[in-house]
Amino acid sequence: MSLVPHATELLFALGLGPQMVGVTHECDFPPQALALKKVTADVLPGGLSAGEIDAAVRERTLAGQAIYELDRDALAALEPDLIVTQELCPVCAVSYEEVAEVAKTLASKPRVIALDPKTIGETLGDVRTLAQATERRSAGVDLIARTAARIDRVKLAVRSASRPRVVALEWLDPVFIAGHWTPQLIELAGGIDALGLPGEPSETATWERVRAAEPEIVVVMPCGYDAPRAHAEAMEHAGELESLGARKVVAVDASAYFSRPGPRLIDGLELLAHILHPNHVPGLPDGAQALALESSRAGG
């Protein structure tokens, strides 16, 4: 059972789809995951703006309240042998403490593994962890090798290109600067992250601070949003984004390629390389989009 979307993607990538019995309500990839039993639900009401979501999350977090509900009865009925969750982000999944507590009461006595990567290297370490725990070592070795090869191809493609100053915005109201693995992705894609720090948490900022960083390219990647919703969010803040003076402002599918530290981070790397260096990396990953902010003087 997976209680965090990136673990679901990794388990399927290791060939464990047929053994999966349950996932979260946010596990939407691969498509086969949609058919599995959902054992979580969102506590927050739908239709909230970005600012309202941020306020609600902060309020519940400060009060020690979760933003997801765990269906304990459904979890127990599925009798998992292994539950994969996370501890890194209190707003990304049900709490690890609750999962561990419930696991102790189940007849199946499942093992609980928490995946909490902060860097690209640690995401590859998670591949090894799950591959070993599920006796899929060969599949894990193969996945890591294919990932490393794709990283090397991107590095080779952009090695002679100039490196633009890049800012990745993980939220717009308030402004959050993307951290953890995203600065590494920007560097590998041939850019310089003007504000984010590799391996460090995302942090709030002001538009003035972003403007002072003098970004040449701004990538709008609101956590959990797909490309059209990210683009709509960017359009709502078109004035602030325009004021940054960047030559290019694009919105991307953060949910698929940046928010989840799973196998599709490498697609995110290839997407970033295309955004930063379209002449060196002309193609997009299958299904990926880089939606330009029309009101930006940057254009495409």
Side-chain angles (χ1 to χ4, degrees), residues 44 47-62 67 88-92 118-119 163-187 189 191-261 265 268-269 271-272 275-276 289-299:
L44 301 182
L48 298 180
S49 68
E52 290 169 337
I53 291 172
D54 179 75
V57 168
R58 288 175 185 272
E59 180 181 354
R60 295 190 67 89
T61 300
L62 287 172
I67 66 169
L88 177 65
C89 173
V91 301
C92 297
K118 301 176 183 65
T119 65
R163 301 175 70 85
R165 291 175 61 80
V166 181
V167 166
L169 300 179
E170 193 174 89
W171 204 251
L172 300 182
D173 184 17
V175 175
F176 266 83
I177 306 302
H180 294 128
W181 46 83
T182 301
Q184 290 179 294
L185 292 176
I186 290 172
E187 180 180 357
I192 299 171
D193 194 319
L195 289 174
L197 298 174
E200 295 298 319
S202 303
E203 62 173 341
T204 55
T206 62
W207 288 109
E208 290 74 17
R209 182 183 171 200
V210 179
R211 191 178 305 115
E214 300 183 341
E216 298 170 73
I217 297 176
V218 176
V219 185
V220 180
M221 51 174 72
C223 186
Y225 285 11
D226 62 14
R229 189 173 181 188
H231 184 265
E233 189 72 15
M235 291 301 296
E236 290 186 13
H237 296 272
E240 292 95 334
L241 290 166
E242 179 86 12
S243 74
L244 301 180
R247 60 179 169 82
K248 181 184 291 187
V249 180
V250 298
V252 296
D253 186 340
S255 180
Y257 306 120
F258 299 102
S259 303
R260 303 175 181 180
L265 274 187
L269 169 61
L271 173 56
L272 277 176
I275 293 169
L276 273 54
Q289 296 175 292
L291 303 180
L293 186 64
E294 289 87 350
S295 64
S296 170
R297 56 188 172 189

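Atom CD of Glu187 and atom CG of Leu272 lie 12.5 Å apart (nearest 0.5 Å). Taken to the nearest 0.5 Å, the OG1 atom of Thr182 stands 12.0 Å off from the CG atom of Leu197. Going from atom CD of Glu236 over to atom CG of Leu172 covers 9.0 Å, rounded to the nearest 0.5 Å. The line from CG of Asp193 to CD of Gln184 is 10.5 Å long, rounded to the nearest 0.5 Å. Note that the CH2 atom of Trp171 and the OG atom of Ser202 stand 12.0 Å from one another [nearest 0.5 Å]. The CD atom of Glu170 sits 6.0 Å away from atom OG of Ser259, with the distance rounded to the nearest 0.5 Å.
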Query - Derivation of the side-chain contact (heavy atoms from CB on, under 4.5 Å) call for Tyr257 and Val252 - result: CA-CA 8 Å; Tyr257 306 120; Val252 296; 5.8 Å; no
Query - Verdict with supporting geometry, Asp173 and His237, side-chain contact (heavy atoms from CB on, under 4.5 Å) - result: CA-CA 9 Å; Asp173 184 17; His237 296 272; 4.0 Å; yes
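Here the options are Ile217, Val166, Leu293, the test is side chain to side chain contact (heavy atoms under 4.5 Å, CB included), and the partner is Lys248; only Ile217 passes.
In terms of modelled atom types and a separation under 3.5 Å, the side chain of Trp207 and the main chain of Leu241 share no donor-acceptor contact. Looking only at distances, no side-chain donor or acceptor of Thr119 sits under 3.5 Å from a matching main-chain atom of Gly199.
Across Pro201 and His180, no two heavy atoms sit closer than the pair CA-NE2, 3.5 Å. Heavy-atom minimum distance, Trp181 versus Phe258: NE1-O, 2.8 Å. When all heavy atoms of Asp253 and Asp226 are compared, the pair lying nearest together is OD1-CA, 3.4 Å. The nearest pair of heavy atoms linking Gly196 to Ile177 is N-CG2, 3.7 Å. Among all heavy-atom pairs drawn from Leu276 and Ile186, the shortest one is CD2-O, 4.1 Å. For the pair Pro222 and Ala254, the tightest heavy-atom approach, listed with the atom from each and the gap, is O-CB, 3.2 Å.
Applying the 6.0 Å contact sphere to CD of Glu240 captures more than 12 heavy atoms from other residues, nucleotides or ligands.
Using a 4.5 Å heavy-atom threshold, the side chains of Pro228 and Gln289 count as touching.
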